[in-house]
Structure formats: structure tokens, C-alpha cells
Amino acid sequence: MFQINENYLKLPGSYLFSNIAKKVAAYKEANQGAEVISLGIGDVTQPLAPAIIKRLHSAVDEMADAKTFKGYAPDLGYSFLREAIVQNDFKARGVELSVDEIFVSDGAKSDSGNIQEIFGVDNKIAVCDPVYPVYVDTNVMAGRTGAYNPQTERFENVIYMPCTKETGFAPELPSEAPDLIYLCFPNNPTGSTISKSQLQQWVDYANKVGACIIYDAAYEAYITEEDVAHTIYECEGAKTCAIELRSFSKNAGFTGTRLGYTVVPMDLKCKDVSLNALWARRHGTKFNGAPYIIQAAGAAVYTEEGKAQLKEQVGYYQNNAKTILMGLKDAGYTVSGGVNAPYIWLETPNGMTSWEFFDLLLEKANVVGTPGSGFGPSGEGYFRLTAFGTYENTLKAIERIKSI
Ligand code: MLT
């Protein structure tokens, strides 16, 4: 008789956003005609920018002509895109990387889930609490954690780094040295971030204890403050201790189109084994490359036209973030985030639990958000709203929240 991967049985319930989608669908079914506004999952609402659409169309036409048709993409990504990434996302910020250090993928969610595969199963992970659930769940699936403890709402054999109001929603260096450290700045879900010098402390720490940082920089386009690093490689020594995950979803609207990339520096080694070579081996074996038309569209992000249009698009969502932040403050809520990130983190009123507040908002305001406790026990009593809605719906949602 075959056996299953029993690690999956350690996972309580379903994936957070699937769970929320089911609840919302059930509510809509029971309340036909209810005009529900979703500020829950961080999914964009603005169409792809004209420069991207134009390139998408021309790339589709190329596929219709035998002379320009493309079959399998190079498994690590087309060099035109990897080159544009190196120049624009790194060189322009004073960071030298080579094209061979960039691995194009179908998005940061897959990369953030898959990257753990190149590490030993006995490695101990450290995660922020609250945390983007993919980091933890994929390590559970891989057998890198112990059982789930329903009392503590934590998995055994995982180092949790509480990010609370008291810590300014930033993690503190753990007392027990981890092997892998997941960091996401600007942060999902709290919308907070840390300064470049604070990030430098993490890099120094990782180099000192021999840990590898998995750095999720999916939200870097939302940084507005000067002393915040756009990439971990702005920190000295990061190339020997950090992998960076990047996305085209939040800066360019590719949530449905799927494109991302991972940086694995050549200098990142475990004894004399190169992690770059391991990830290349993994990518080559399990992935046939992001589609040509999508990579071509991705390269349009880095054209002058694309950059100008995306600055405006990110600005649109930043304005939503400000609208939510100010609106909720006016209404007496305690809120944070939203300045360097598209997420606003609010304290639930009157000691309500995160899920109680979720139900209240859904029923009384027809607004969907994400319960903080879904991201980990330190998120209990908090709630996340996203700035990725339309401006009109964002305004309407805030008005409705104010009136309950
Ligand atoms: C979120 O809402 O946390 C994100 O949209 C999830 C993701 O990017 O996969």
C-alpha cells in the first residue's frame, strides 16, 4: 500500500486565503446581491500598464510566425530579462550582480515555497510571527518542523520571532541560532519595515552564526522612506548569507500573469558547495521556464515608458494606502503600516479577536479583510487591509467601516 507524506497531516485547516475565499463565497451565496468589497488578499485591481500590454501583444504575434516562434524558454530565464533585472533592480542601486545570479520564475510565491528544497531537512527555520504562511507551511510539508500545537498555535522545532507593537512589528535577533531565517521587508502582513542599518544587523548576524536569510522583497516598490533598503544586497556581506525573492505582481500587476525571480549569489556557499549551482540544478530539473510572452512583457517593465507608467500605478495604490490609514485613524482605530507597504495593520476594536472582527466587517460593512491571527498567534487582535483595491472601493470600504 502506498504511503502519503504524513507531514501534510500536521497542517491545520486549509491555506489562509482559500479559507477566507470559501467564507466569503458562502456569505455571498446566503446574501444574494450584497456588494462585497475585498481588501483581503493582496491582489491587484489595475490593468497591466500600456507598455506591458503592447509588448504582450507583439510577443503573441511573434509566436504566430515560424521565424520568431519560441518553444521552451531557457530554464533560468531569457537573458534579455535577466540583463534588464541586473541593470535596473540592482546596478541602478549600486549593487553588482551577474546575470547568472538571477533565476526567472513564475512568481515569488512558488519560489518562496520551493527554495527550502535545497536545504537539509534538519535545518531549523526562524520566522516572524505574524508571517506569510507559505514560508512555514512549505517547511512543514518538507518535514522540517515538528507537530502543530493547537494551544500555542505554533509548530514545534520552529523559531518564532514575535513582531508586536512593543517591537515596532520588527523581529529581534533570536536567542537560539537558526539555520534559515525568513525575512520579508517591507513586511507582509504588518506593512512595517526596518531601516537599512537594522537589516545590516541581520546580515552580520547570519554571517556570524552561519545562517542563510531568505529575503522576500516583493513589496520593495512601495518604499517611500530614504533609509530603507530596496534589496538586501545593499547591505555589506549579504552575498555570502542571503537569497532574495522578487515579484512582478505588486510593482507591475502580474498577479494573474505570473512572473518573479530569485537571486542566489555565487558567493553563497555551504562549505564548498554553491547554492547557486543547487538552485540551478533544481530549476533545470523541475521548471521549464516562464513563458516567453510573459518574460517579454516583464522586460517592458524596465523600459522608460514602462517605468513611468508603473510609478503612476504604484502611486495609485500608495494613495489608497494613505486613504485607509488616515480614514481609520480618523475613525479612532490604532493603525500602522501603509507608508512603505501596501498593507495596513489595525488593532481590532474592543478586544475582539481577529476572526470576530472579520465576521463583523463582512456582515455589517460587506468588507473583506484578513484576520491577523491567520498569519500567526502574534497577529491575534489585529487585522490586515490591502491597498490594492480600486480607489472608489477603498473610499467606500472606509466609509462603511466608519459607520459600523
Ligand atoms: C497576500 O495577500 O498576502 C498576498 O497576496 C499573497 C501572495 O502574494 O501570494
Side-chain angles (χ1 to χ4, degrees), residues 16-17 20 23-24 27-28 31 34-46 130 163-165 168-169 185-193 218-219 221-225 228 249-251 253 255 311-375 379-404:
L16 173 64
F17 292 105
I20 291 172
K23 270 183 165 263
V24 174
Y27 179 82
K28 284 183 178 167
N31 297 273
E35 194 212 336
V36 176
I37 297 175
S38 177
L39 300 183
I41 191 164
D43 195 4
V44 295
T45 50
Q46 294 308 292
C163 300
T164 59
K165 199 159 138 180
F169 301 109
F185 293 115
N187 187 255
N188 179 16
T190 67
S192 66
T193 197
Y219 299 96
Y222 291 82
I223 294 171
T224 60
E225 290 178 329
V228 180
S249 289
K250 320 293 173 166
N251 62 329
T255 53
K311 193 167 175 220
E312 204 174 306
Q313 192 168 87
V314 168
Y316 175 93
Y317 294 129
Q318 284 171 323
N319 186 47
N320 285 350
K322 203 183 274 175
T323 304
I324 299 173
L325 201 61
M326 299 324 251
L328 292 179
K329 268 190 191 158
D330 273 1
Y333 284 88
T334 304
V335 273
S336 57
V339 175
N340 293 297
Y343 295 124
I344 287 85
W345 193 238
L346 59 124
E347 272 181 52
T348 56
N350 310 321
M352 294 176 92
T353 67
S354 302
W355 279 107
E356 280 167 355
F357 190 64
F358 174 90
D359 289 335
L360 178 85
L361 275 201
L362 182 58
E363 281 156 29
K364 299 278 185 271
N366 285 181
V367 171
V368 179
T370 310
S373 57
F375 298 101
E380 182 57 281
Y382 287 89
F383 201 74
R384 193 194 78 175
L385 292 175
T386 148
F388 288 122
T390 62
Y391 178 63
E392 295 71 25
N393 275 347
T394 302
L395 272 185
K396 215 186 273 182
I398 297 306
E399 287 315 311
R400 289 190 197 167
I401 295 173
K402 277 182 174 174
S403 69
I404 55 175

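- By the 6.0 Å contact criterion, NZ on K165 is open, its count of non-hydrogen atoms from other residues, nucleotides or ligands being 12 or less.
- A side-chain N or O of Y27 and one of N366 form a donor-acceptor pair less than 3.5 Å apart.
- Pairing each heavy atom of L328 with each of I344, the nearest pair is CD1-CG2, 4.3 Å.
- When atom types are taken as modelled, the side chain of S192 and the backbone of F169 share a donor-acceptor pair closer than 3.5 angstrom.
- Between the side chain of E380 and the backbone N or O of T353, no donor-acceptor pair lies under 3.5 Å.
- Between F383 and Y333, a ring centre-to-centre spacing not shorter than 6.0 Å is recorded.
- Looking at every heavy atom in both residues, F357 comes nearest to L346 through CE2-CD1, 3.8 Å.
- Of the inter-residue distances, the one linking N350 atom CG with L360 atom CG reads 9.5 Å to the nearest 0.5 angstrom.
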- Item | From CA spacing to verdict: side-chain contact (heavy atoms from CB on, under 4.5 Å), V44, Q313 | CA-CA 10 Å; V44 295; Q313 192 168 87; over 6 Å; no
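- No donor-acceptor pair closer than 3.5 Å links the side chain of N187 to the backbone N or O of T193.
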- Message: For T190 and F375: C-alpha separation, side-chain torsions, deciding distance, then whether side-chain contact (heavy atoms from CB on, under 4.5 Å) applies.
- Response: CA-CA 10 Å; T190 67; F375 298 101; over 6 Å; no
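- Sparse packing is recorded around CD of E312, with 12 or fewer heavy atoms of other residues, nucleotides or ligands lying under 6.0 Å away.
- Shortest non-hydrogen contact noted between P186 and I223 is CG-CG1, 3.6 Å.
- Put simply, the side chain of D43 never gets that close to the backbone of T255: no donor and acceptor are under 3.5 Å apart.
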- Determine, step by step, whether K396 and I37 satisfy the side-chain contact (heavy atoms from CB on, under 4.5 Å) criterion, reporting the C-alpha distance in whole Å, the side-chain angles of both residues, the deciding distance to 0.1 Å, and the verdict. CA-CA 9 Å; K396 215 186 273 182; I37 297 175; 3.9 Å; yes
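- Looking at R384, its side chain never comes within 3.5 Å of a backbone N or O of P371 through a donor-acceptor pair.
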- Message: Under the criterion side-chain contact (heavy atoms from CB on, under 4.5 Å), I'd like the reasoning laid out for L361 against V368: C-alpha separation, chi angles, the key distance, then a yes or no.
- Response: CA-CA 7 Å; L361 275 201; V368 179; over 6 Å; no
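- Of the possible polar contacts, one joining the S354 side chain to the Y382 backbone as a donor-acceptor pair under 3.5 Å is found.
- In this structure a side-chain-to-backbone donor-acceptor pair under 3.5 Å is present from K250 to G42.
- The shortest heavy-atom contact between A387 and A321 is CB-N, 3.6 Å.
- Aromatic ring centres of Y343 and Y219 lie closer together than 6.0 Å.
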